[in-house]
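Here the structure is laid out as structure tokens; the discussion comes afterwards.
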Amino acid sequence: MTEPTFTIPLWADLLGVGLGGVQGAMFASGFQGQRRLDLLGVAIIGIMIGMGGGLIRDILIGQPPASLQSNWYLLTAAGAALVGMLLAGVLNRVNTFIVVLDAVVIGMFGAFGTSKAIAFGVPEVPAVFIGVCAAVGGGVLRDVLMGLPVSIMHVGSLYAVAAGAGCTFIVVAHTLGLGIVPSAVVAIVITTIIRVLAVIFDVSLPEQRRLYRRKVAAETGMIPIIKP
Amino acid sequence: MTEPTFTIPLWADLLGVGLGGVQGAMFASGFQGQRRLDLLGVAIIGIMIGMGGGLIRDILIGQPPASLQSNWYLLTAAGAALVGMLLAGVLNRVNTFIVVLDAVVIGMFGAFGTSKAIAFGVPEVPAVFIGVCAAVGGGVLRDVLMGLPVSIMHVGSLYAVAAGAGCTFIVVAHTLGLGIVPSAVVAIVITTIIRVLAVIFDVSLPEQRRLYRRKVAAETGMIPIIKP
Amino acid sequence: MTEPTFTIPLWADLLGVGLGGVQGAMFASGFQGQRRLDLLGVAIIGIMIGMGGGLIRDILIGQPPASLQSNWYLLTAAGAALVGMLLAGVLNRVNTFIVVLDAVVIGMFGAFGTSKAIAFGVPEVPAVFIGVCAAVGGGVLRDVLMGLPVSIMHVGSLYAVAAGAGCTFIVVAHTLGLGIVPSAVVAIVITTIIRVLAVIFDVSLPEQRRLYRRKVAAETGMIPIIKP
């Protein structure tokens with residue numbers, strides 16, 4: 001509790017929630033066949049991706065979840081999920097858009113998580129840990145709720161590494177006395193670049209959804225009936 | 001923290017825990033074949049359904065879980081799980097009983113969740129959200145622990161809608177200045193009626209357990225060896 | 001909050017985290033074929049087993065997680081996971097070692113969980129419950145993250161019973177006025193002995209990993225392609 005004066009600006013927090021909501025709903029909309037979700041299911045995943053990281057962050061820090069102290073978070077996440085559903089039909093084949101959006105969202109959640117942890121006096125190593133959990137936590141909840149293999153355990157390692165790099169930068173910058181706002185911006189850029197480069201240079205990660213279907217088959221060790 | 005004087009009466013909380021425990025154990029007892037749980041597994045699911053919603057509610061509000069501040073909750077949940085196991089043999093084919101019990105339990109958890117959130121100063125939208133999470137959270141934990149597809153994401157949408165209607169009523173009634181006790185009673189009735197009507201008029205939801213088995217087959221895209 | 005002066009000594013807590021990290025990483029390293037984890041995945045499981053029980057314990061008690069208030073926990077868990085990976089190649093066929101290590105870890109997490117709960121004024125029954133959750137919680141998180149059937153629901157009942165016996169002893173001893181340190185030591189011995197005896201006398205539990213593979217086949221009701 002050493003620096004209680006710092007708070008993440010509401011607009012920045014809501015921007016992360018909104019982008020997460022769009023990304024989550026686009027991802028969930030992409031499933032066809034038996035795994036298809038109804039509209040409410042897509043909305044739940046959107047809200048989960050938008051708000052899940054922040055919830056996990058606050059529970060780990062030991063604070064009441066900030067996203068449940070104001071009406072704006074849920075309204076933003078739900079609205080963003082709606083936008084994501086509409087965009088899914090138009091943009092779901094524009095993989096570049098999805099990948100970059102995903103990377104920026106992970107960067108923001110990680111940066112906010114580590115910044116808030118530092119502000120509440122959490123030491124360096126757990127501050128990075130909380131940032132990484134905030135970055136990838138929403139995705140873990142999504143995979144568990146959708147019955148998918150948890151991506152972070154397999155293909156998703158790159159997420160954790162990219163988020164960890166950004167969060168580590170914040171801790172180092174804070175130790176050096178740099179301001180938390182410019183540090184967070186640089187951290188988001190670092191995470192985004194690592195994640196996007198990882199996708200570009202790793203030919204096995206060209207498309208999330210297709211990969212997931214292949215992963216389902218690989219994980220269960222059986223060929224699914226579902227036609228892609 | 002605007003109205004710290006309100007607390008859910010212990011008997012009401014324990015009634016919800018007890019009915020949830022009965023319902024959870026009856027549900028878990030219903031599984032046959034390879035998915036069959038041992039007695040301890042059935043008890044765990046009963047306790048989870050009875051207490052899971054309240055745990056999630058309190059964690060989201062940022063309070064120490066009320067159900068772990070007294071011996072009565074666990075004793076009630078465990079006793080209720082025992083009753084549920086015994087009743088399962090007798091009543092598991094009386095679908096009406098299971099469906100109505102399930103609907104009342106969801107209504108109670110939702111009403112208690114939103115009421116407590118309001119009492120701790122949570123704004124309107126997250127108060128409804130917390131109520132819905134309390135109502136459906138126990139079922140999500142159950143599905144994850146049992147390795148079932150998470151029902152709320154697929155067939156279970158109606159749960160969330162029914163719970164959401166009841167919780168929204170409480171928030172509106174509170175804004176209009178109505179007392180929280182009569183509001184909660186009406187909310188439970190609203191959720192129960194919506195949920196029961198949904199089951200009656202939706203021919204695809206005649207029996208939970210059979211549906212789940214079919215869902216397992218549909219979800220994995222393969223015909224299971226398990227003979228119903 | 002009746003006895004706020006008691007705290008688990010840091011070295012004891014870190015010993016539990018370290019042994020848990022070794023055990024988790026050894027377990028996760030054992031998987032071959034399609035379920036094989038990459039190095040980061042193994043490290044995550046090690047950290048999860050080392051720290052997961054304590055996180056769940058503190059969230060249930062309503063305290064900020066102790067393992068995130070110091071750098072040592074994560075460093076210990078990560079280092080232990082590394083050791084576990086190295087040991088896995090050497091010792092993974094020495095089943096006795098794995099089984100005993102697992103039993104001791106469960107005993108420590110259970111004893112620490114119940115002791116801390118008592119220290120924060122939690123009543124007897126939930127104090128035992130929190131201990132059992134701390135003992136088995138890491139394993140549940142592991143199974144969910146790895147997409148395995150949750151062992152505690154099926155084969156793992158013996159874990160919960162063994163942990164419950166140790167935790168109950170602590171509560172009884174505390175009621176009788178015995179000191180918490182000797183009580184915790186005895187509780188760890190009780191849990192370890194019950195668990196090890198259960199493995200020795202139950203021929204169906206000779207090896208965890210093989211059992212899990214068989215369980216996967218049994219649970220899904222299909223023969224997996226994975227060759228053991």
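What you see below is based on every heavy atom in this structure, not just the backbone, and it leaves out hydrogens, waters and symmetry mates. A, B, ... follow the sequence lines: proteins, then strands. Residue 1 opens every chain. It should be emphasised that the depicted structure is a prediction, and the values quoted were computed from it without experimental measurement.
What you find for A/Val144 and B/Val150 is that their closest heavy atoms are O-CG2, 3.9 Å. Across all their heavy atoms, A/Pro64 and B/Ile61 have their closest contact at CB-O, 3.9 Å. In this structure, B/Leu60 and A/Pro65 approach most closely via the heavy-atom pair O-CD, 3.2 Å.
Among residues two or more places apart in sequence or in another chain, the side-chain contact (heavy atoms from CB on, under 4.5 Å) test is passed with B/Val189 by B/Ile193.
Of all residues in residues 42-49 of chain A, those placing a non-hydrogen atom less than 4.5 angstrom from a non-hydrogen atom of chain B are A/Ile44, A/Ile45, A/Ile47. Listed in order of number, the residues of residues 68-78 of chain A that approach chain B to under 4.5 Å between heavy atoms are A/Leu68, A/Gln69, A/Ser70, A/Asn71, A/Leu74, A/Leu75. For residues 124-134 of chain B, a heavy-atom distance under 4.5 Å to chain A picks out B/Glu124, B/Val125, B/Pro126, B/Phe129, B/Ile130, given by residue number.
Expressed to the nearest 0.5 Å, how far CG of B/Asp143 lies from CG of A/Leu145 amounts to 10.0 Å.
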